[in-house]
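The structure appears right after this line, and notes come after that.
Indexing begins at 1, ligand by ligand and atom by atom, following the structure's order. Note that the structure is predicted; figures quoted are calculated from it, not measured.
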Amino acid sequence: MTTPDLQSRLPAVGTTIFTLMSALANQHGAVNLGQGFPDFDCDPRLVDAVAAAMRAGHNQYPFMTGIQPLREAIAAKIAALYGHSYDVNSEITVTAGATQGIITAILCAVHPGDEVIVIDPCYDSYQPSIVLAGGVPVPVSMRLGDDGYSVPWHDVAAAVTPRTRMIVVNTPHNPTGTILRRADLDALAAIVADRPILVLSDEVYEHMVYDGQEHASVSRHPVLAERAFVVSSFGKTYHTTGWKIGYVAAPKALSAEFRKVHQYNVFSVNTPMQHGIAAYMADPAPYLELPAFYQRKRDLFRDALAGTRFTLLPADGTYFQCVRYDAISDLPEAEFAQWLTSEVKVAAIPVSAFYSRPTESGIVRFCFAKKDETLKLALARLAKI
Ligand code: PMP
Ligand code: GLN
């Protein structure tokens, strides 16, 4: 008997850095500031709303694109916050988390040989999704200066070829914590305006923008919105990363193609949670209060880190804080993160893991979506280095 030779579609891919660092943190009893998830629970009212939906018998397949009340709540939120009216029936699709929204958008739009520009460092699922679609990832590196990371739009423009099918952006940005501003969106719009290039905008941290700044959603920008898949995730917004529910907003023609793939890779998404979230969304306070909630944690974390040997990078958005460690060690990032986890007992994520080309900047990422006591325990350990 011969076993068929499975020629990997993703030969360069191993276990994700988040899984590896969480396992290492558990092994060493470290405070886990690596993988991005809250260590506190979601609002009990949200759990009650989901339980009520189950008791009310919402336990069978929902409508393929998502239940009507949830699509209505999503469309109303986008219209209120970003001023763009997506059609509830034809332009909003509920997904099994942002990850499924991202791979589905890529699979429906990217054809074999198409090039997709990604901006490194970037979230780890983008490139494997592009490769699975038969596309070619074209990485453009962010610029790293004294004032942190920024997108070099000239380099993005220079990377465009007649084969460019899509540009993937992420704001607020994981792992760097930077945000795109209106001028960035204008620069992106100038690149794609007269070309058949789509935009995939990962906005899962849309409600984590600090210091009174505005989230520059691609849906707010007319030139970009007409060619964009905009992705978000309730996992981030409602402290429920394990629920894996998100959505994709896109113009009708793009949504129609998106749904052709969606209906055959998940068909539909968890019914009672959709009902629970739809009911909970009637009150906008939980997401409107999120910037203040996380800004307080960011400031607590930054203020104490400022007294350590780490150097802080700006953190305008997300629940991540990047730091330089050159005053502490000259180890490569992955080794430094392992050392920090096993010896200092605080887990972090090496930023090098988000680059497609080997890139060492001497920077690691901490997640501050943690109880104050968790942050204080980690800070006490980091202060001893
Ligand atoms: N995009 C980014 C930038 C992320 O950080 C994450 C992860 N948390 C995701 C997408 C995936 O979101 P989800 O858990 O909803 O699939
Ligand atoms: N988005 C989370 C992070 O950046 C991790 C998600 C995952 O583990 N795949 O840490």
| message | Over 60° means perpendicular and under 30° means parallel, so tell me whether Tyr123 and Phe18 are parallel, tilted or perpendicular. | response | parallel
Report every pair formed by an N or O atom of ligand 2 and a protein N or O atom separated by less than 3.5 Å, giving atom names and the distance to 0.1 Å.
residue  : atom   : partner : partner atom : Å
ligand 2 : 4 (O)  : Asn174  : ND2          : 2.8
ligand 2 : 4 (O)  : Arg365  : NH1          : 2.9
ligand 2 : 8 (O)  : Gln35   : NE2          : 2.7
ligand 2 : 9 (N)  : Tyr123  : OH           : 3.4
ligand 2 : 10 (O) : Gly36   : N            : 2.6
ligand 2 : 10 (O) : Arg365  : NH2          : 2.6

| query | Using the ring of each side chain (for Trp, its six-membered ring), is Phe234 parallel, tilted or perpendicular to Tyr247, with breaks at 30° and 60°? | reply | tilted
| Set of salt bridge (Lys or Arg N to Asp or Glu O under 4.0 Å) partners for Asp43, sequence neighbours left out | Arg45
| said: If the condition is side-chain hydrogen bond (donor to acceptor under 3.5 Å, both in side chains), which residues does Ser219 pass it with, not counting sequence neighbours? | reply: Ser217
| Got a sec: does the OH of Tyr355 have more than 12 other heavy atoms crowding it under 6.0 Å? | yes
| request: Check the angle between the aromatic planes of Tyr238 and Tyr287 and answer parallel, tilted or perpendicular using the 30° and 60° thresholds. | output: tilted
| Does the distance from a Lys or Arg side-chain N to an Asp or Glu carboxylate O, for Glu257 and Lys260, drop under 4.0 Å? | yes
| field | Aromatic ring pairing Tyr210/Phe368, orientation class (parallel under 30°, perpendicular over 60°, tilted between) | value | tilted
| Using 30° and 60° as the class limits, which term best fits the ring planes of Tyr294 and Phe40: parallel, tilted or perpendicular? | tilted
| note | The protein residues that pass the under-4.0 Å heavy-atom test against ligand 1 are Gly97, Ala98, Thr99, Ile102, Tyr123, Asn170, Asn174, Asp202, Val204, Tyr205, Ser233, Lys236, Lys244
